[in-house]
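In what follows, residues are counted from 1 in the order of the sequence shown. Worth saying up front: this structure is predicted, and the values here are computed from it rather than measured.
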Amino acid sequence: MRAAVHSLTAYLAVVSVLCFWGKHFFWGVAFAVGGALHFLYVMSVLDRFPFTMLVLQKAVRMVWELPDVMRIAYAFVLVMLCWMALWSFGVSGILAFHIPNGGQWWALLIFSVSLFWTGAVLSNTVHVIVSGMVFLVLIHGGQAAASMPPKPLLKSLQYAVTTSFGSICYGSLFTAAIRTLRWEIRGIRSKIGNNECLLCCVDFLFHIVETLVRFFNKYAYVQIAINGQSFNRSARDAWELFQSTGIEALVAYDCSGAVLLMSTILGGLITGTCTGVWTYFKQSDKAIMVGSTSMLMGMILVGVTVVVVESAVTSIYICYAEDPRLIQRWDPEFFDQMSEALHQRLQYRSARARQILNSRLDQLPNTSSI
């Protein structure tokens, strides 16, 4: 896993060098800064990788036991490819007509936002389908259980594209950006040290993001699949469930979502670099535009694929918070490992809270005379 996450840093550095070589200094600086920030984030969470790897392995095992779920994911990838083929005609028109005053970039930005939102909607639709299936399997004790309802996958698909589709479209606007910002702030916050001024500023941003996460988080999709509530209500219920049971400490410690996002970004970078280099030798003035567009398309396709694993991870946490016996019945060894990790994280938070409180009390003036 360390080799995989560090490969993204190396690839960002290579793309930055290529941009400088092609005299695109803005993009060269942007990729260089992105590589540096990614490297700092990875170094700040290295100690979390063993637990993250454990959770990812169990999520992959869960998905592997549900082959029908993978077929749904492949079907949605084909739908996304068809939409990209139609979308590319519009982008080709933008590239063909020389719109003055930077109009090409503004038109391409609007098209890119529409493509990103469509990809997020399809990914989160798969998220709801997979979450519903995983929850049913854990509740009934297996896909072959006698109590399992007939055609559960078809019912989950029908529910996701009809009743819950509005909530999925709404949540797709915000969840990815807020989640990424939360990971970055958590990584920076854990490495600040005793710089009170910087810590105060980061804590202010952290509390703002935590408030947003309460209303926009990926665990809402599991609650949508289970209870059929609206997105904001599902997000609040999931977050209150985590905080009331202490599972939020374990969720914050897990980096599986960040690792899957790194895989998505790496897939997009490889796609964008290949097409950008090819375009540079054909029509050099369009290299950055074509490369950035191809990078977005690659990220969306990889994202639709890896969301299956991410859905299994989120469903495992929701099930553990709802009823730990569901995880214990599915995998007793994994249940013991999660319980031990949760105990350690709660102890760590208590010790850290006492340390901060004592340090602040030590800074107060001597009030013994009073």
Legend entry - Where Val134 and Ser315 come nearest, the two heavy atoms and their spacing: CG1-CB, 3.5 Å
Inset, instruction - With rounding to the nearest 0.5 Å, note down the distance linking OG1 in Thr305 to CZ in Phe76. - result: 12.5 Å
Inset, instruction - Measure the shortest side-chain to side-chain distance between Met62 and Leu138 over non-hydrogen atoms and say whether it is less than 4.5 angstrom. - result: yes
Inset, instruction - Using the rule that two of Ile, Leu, Val, Met, Phe, Trp, Tyr join whenever any of their side-chain heavy atoms come within less than 4.5 Å, decide whether Met80 and Val161 are in one cluster. - result: yes
Legend entry - Donor-acceptor pair, side chain of Thr52 and main chain of Cys255, under 3.5 angstrom: yes
Inset, instruction - Could you tell me whether the side chain of Arg345 and the main chain of Glu248 form a donor-acceptor pair under 3.5 Å? - result: no
Inset, instruction - Starting at CZ of Phe49, measure out to CG of Asp47 and round the result to the nearest 0.5 Å. - result: 9.0 Å
Inset, instruction - Side-chain contact test, heavy atoms from C-beta onward, threshold under 4.5 Å: evaluate it for Gln337 versus Phe334 and give yes or no. - result: yes
Inset, instruction - Quick one: pull up CG in Leu12 and NE2 in His38 and give me the separation to the nearest 0.5 Å. - result: 7.0 Å
Legend entry - Pairwise distance CG(Leu301) to CG(Leu296) - rounded to 0.5 angstrom: 10.0 Å
Inset, instruction - Go through the steps to decide whether Val42 and Met262 satisfy the test side chain to side chain contact (heavy atoms under 4.5 Å, CB included), and finish with yes or no. - result: CA-CA 10 Å; Val42 170; Met262 293 173 197; 4.0 Å; yes
Inset, instruction - Please indicate whether Phe20 has more than 12 foreign heavy atoms, meaning atoms of other residues, nucleotides or ligands, lying under 6.0 Å from its CZ. - result: yes
Legend entry - By side-chain hydrogen bond (donor to acceptor under 3.5 Å, both in side chains) - contacts of Ser16 (at least two apart): none
Inset, instruction - Go through the structure and list residues passing side-chain hydrogen bond (donor to acceptor under 3.5 Å, both in side chains) with Thr271, not counting sequence neighbours. - result: none
Inset, instruction - Determine, stepwise, if the pair Tyr253 / Leu342 fulfils side chain to side chain contact (heavy atoms under 4.5 Å, CB included). - result: CA-CA 9 Å; Tyr253 185 68; Leu342 177 60; over 6 Å; no
Inset, instruction - Applying side-chain hydrogen bond (donor to acceptor under 3.5 Å, both in side chains), name anything that partners Thr264, two or more places apart in sequence or on another chain. - result: none
Legend entry - Closest heavy-atom pair and its distance - Ser263, Val302: O-CG1, 4.0 Å
Inset, instruction - Just jot down the side chain to side chain contact (heavy atoms under 4.5 Å, CB included) partners of Tyr11, sequence neighbours excluded, or say none. - result: Val15, Leu266, Leu269, Ile270, Thr273
Legend entry - Contact summary for Ser44 and Tyr41, nearest pair of heavy atoms: OG-O, 2.6 Å
Legend entry - For Thr314 against Ser131, the heavy-atom pair lying closest together: OG1-OG, 4.3 Å
Legend entry - All side-chain hydrogen bond (donor to acceptor under 3.5 Å, both in side chains) counterparts of His343, not counting sequence neighbours: Gln347
Inset, instruction - Would you indicate whether the side-chain heavy atoms of Leu157 and Ile72 approach each other to under 4.5 Å? - result: yes
Legend entry - For Glu65, salt bridge (charged side-chain N to carboxylate O under 4.0 Å, His left out) partners two or more places apart: Arg61
Legend entry - Phe335 atom CZ, over 12 foreign heavy atoms within 6.0 Å: yes
Inset, instruction - List for me each residue that meets side chain to side chain contact (heavy atoms under 4.5 Å, CB included) alongside Ser88, sequence neighbours excluded, and say none if there are none. - result: none
Inset, instruction - Output every pair passing salt bridge (charged side-chain N to carboxylate O under 4.0 Å, His left out) with a member in residues 332-343, not counting sequence neighbours, ordered by first then second residue. - result: none
Inset, instruction - Of all the heavy-atom pairs spanning Val130 and Ala312, show the shortest one and how long it is. - result: CG1-N, 4.4 Å
Legend entry - Results of side chain to side chain contact (heavy atoms under 4.5 Å, CB included) for Thr279 - residues two or more places apart only: Lys286, Val290
Inset, instruction - Flag yes if Val33 and Leu18 sit in one hydrophobic cluster, no otherwise; membership is Ile, Leu, Val, Met, Phe, Trp, Tyr, and two members link when side-chain heavy atoms are under 4.5 Å apart. - result: no
Legend entry - Within one Ile-Leu-Val-Met-Phe-Trp-Tyr cluster: Val17 and Val277, side-chain cutoff 4.5 Å: no
Inset, instruction - Look at the side-chain heavy atoms of Ile, Leu, Val, Met, Phe, Trp and Tyr, link any pair under 4.5 Å apart, and say whether Leu37 and Val14 land in one connected group. - result: no
Inset, instruction - Not counting sequence neighbours, which residues clear side chain to side chain contact (heavy atoms under 4.5 Å, CB included) with Ser123? List them please. - result: Val304, Val307
Legend entry - For Phe31, ring-ring contact (aromatic ring centres under 6.0 Å, His included) partners two or more places apart: none
Inset, instruction - Quick one: closest heavy-atom pair of Gly246 and Leu346, and the distance? - result: O-CD2, 4.0 Å
Legend entry - Co-membership, hydrophobic cluster, residues Ile318 and Ile139, 4.5 Å side-chain: yes
Inset, instruction - Please round to the nearest 0.5 Å and tell me the distance separating atom CE of Met84 and atom OG of Ser294. - result: 10.0 Å
Legend entry - Atom pair CD1 (Ile300) and OG1 (Thr118), whose distance is rounded to the nearest 0.5 Å: 7.5 Å
Inset, instruction - Test Ser339 against Tyr320 for side chain to side chain contact (heavy atoms under 4.5 Å, CB included), laying out the working first. - result: CA-CA 10 Å; Ser339 300; Tyr320 186 80; 3.0 Å; yes
Inset, instruction - Under the side chain to side chain contact (heavy atoms under 4.5 Å, CB included) rule, what do His6 and Phe39 come out as? Steps first, then yes or no, please. - result: CA-CA 7 Å; His6 282 304; Phe39 177 76; 4.1 Å; yes
Legend entry - Test applied, side chain to side chain contact (heavy atoms under 4.5 Å, CB included); reference residue, Trp83; option that passes from Leu78, Leu115, Leu122: Leu115
Legend entry - With sequence neighbours excluded, residues passing ring-ring contact (aromatic ring centres under 6.0 Å, His included) with Phe242: Tyr219
Inset, instruction - Evaluate the side-chain proximity of Asp254 to Arg48: yes if any heavy-atom separation is below 4.5 Å, no if none is. - result: no
